[in-house]
Student: 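One structure follows; several queries about it will come next.
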Amino acid sequence: MWPTRLLPALLAATSIAGVFISPAQAANSDVKITEWMYQSAAGGLGEFVEFTNLGSTAINFSGWSYADSSAKAGDVSLSAFGVVNAGESVLLTDTSATNFRSTWNLSNSVKVIGDNAKDNLGRSDAINLYDNNNALIDSLIYNDQGSGNVKGPRTNGISAHPGAPGALGANNANLWISSAVGDSEGSYLSATGEIGSPGKTAFAPAVPIGSTESLLLSALITLGTVARRRAHKK
């Protein structure tokens, strides 16, 4: 254990480093919409929305929710995602989670909430993400029929993803592009002929930087160095 006299210094160091004891605490604004498809290739079930934690710290989705153009926080619960790790993508679909994983050849490690029958997407709709305080975290309004200023790709059997980092969180569907097999997202054909890359995004950090563990370790190393220097001076 650390000597009692060093505890205040440890707490101060971890505070300065931005370390918090709970691994689920992070800036909620780091979570973004990263892919969507409003309808499967056959016109039936299979639409999906992907959310990704683009930050460096895990976030607990307990109390989080989704809504379409109803824009009503709490419409569809996302609590079942649990803790979403840094760089992790999670999926909401209107088919069953088992069927979705089978269609896209996804492992059980990919978190999927299925059977969303309440807020299905249409050709002109919105995707709204709310945190556990019902605060709007990200939103994307689109209308692939091209009326007015709100447009965006038509995601009938082909998903859409941000065309550049600046599209993330910008609520501008015109900055999104259609997926294509072998694109920068690693998009591929599903078993039923859709094109997309659900469960991953090119915008997620490959190695989360500034994680709780690394910052805490850095703080401990710093304190150890200070303690040794004080010991040598005695």
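Counting begins at 1 with the first residue of the sequence. Just so it is clear, the structure is predicted and the values come from calculations on it, not from any experiment.
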Student: So Asn53 and Asn85, do their side chains get closer than 4.5 Å, heavy atoms only?
Tutor: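 Result no, sub-4.5 Å side-chain heavy-atom pair not found.
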Student: So, do Trp104 and Val110 sit near enough that their side-chain heavy atoms are less than 4.5 Å apart?
Tutor: no
Student: Would you say Ile33 and Phe51 make side-chain contact, with heavy atoms under 4.5 Å?
Tutor: yes
Student: Give a yes-or-no answer on whether the side chains of Asp115 and Ser96 include a donor-acceptor pair shorter than 3.5 Å.
Tutor: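 Judged by distance alone, the side chains do not pair up.
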Student: Quick one, Trp36 and Glu47 - any side-chain contact, counting heavy atoms below 4.5 Å?
Tutor: no
Student: Output, in order, the C-alpha distance, side-chain angles, deciding distance and verdict of salt bridge (charged side-chain N to carboxylate O under 4.0 Å, His left out) for Arg123 and Asp144.
Tutor: CA-CA 6 Å; Arg123 291 186 62 181; Asp144 73 20; 2.8 Å; yes
Student: Take atom CD1 in Ile141; do more than 12 heavy atoms of anything else shown fall under 6.0 Å from it?
Tutor: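 12 or below, so no.
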Student: Considering only heavy atoms from C-beta outward, does the side chain of Asn116 approach that of Thr93 to under 4.5 Å?
Tutor: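 Of all side-chain heavy-atom pairs linking Thr93 with Asn116, none is under 4.5 Å.
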Student: Answer yes if Ile113 and Tyr66 sit in the same cluster of Ile, Leu, Val, Met, Phe, Trp and Tyr residues linked by side chain heavy atoms under 4.5 Å apart, and no otherwise.
Tutor: yes
Student: Passes side chain to side chain contact (heavy atoms under 4.5 Å, CB included), Leu129 versus Val31? Steps please.
Tutor: CA-CA 9 Å; Leu129 176 66; Val31 182; 3.6 Å; yes
Student: Before we go on, tell me: are the rings of Trp176 and Tyr142 under 6.0 Å apart, centre to centre?
Tutor: no
Student: Side-chain contact, heavy-atom cut-off 4.5 Å: Asp119 with Ser70?
Tutor: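 Yes - at least one pair of side-chain heavy atoms lies under 4.5 Å apart.
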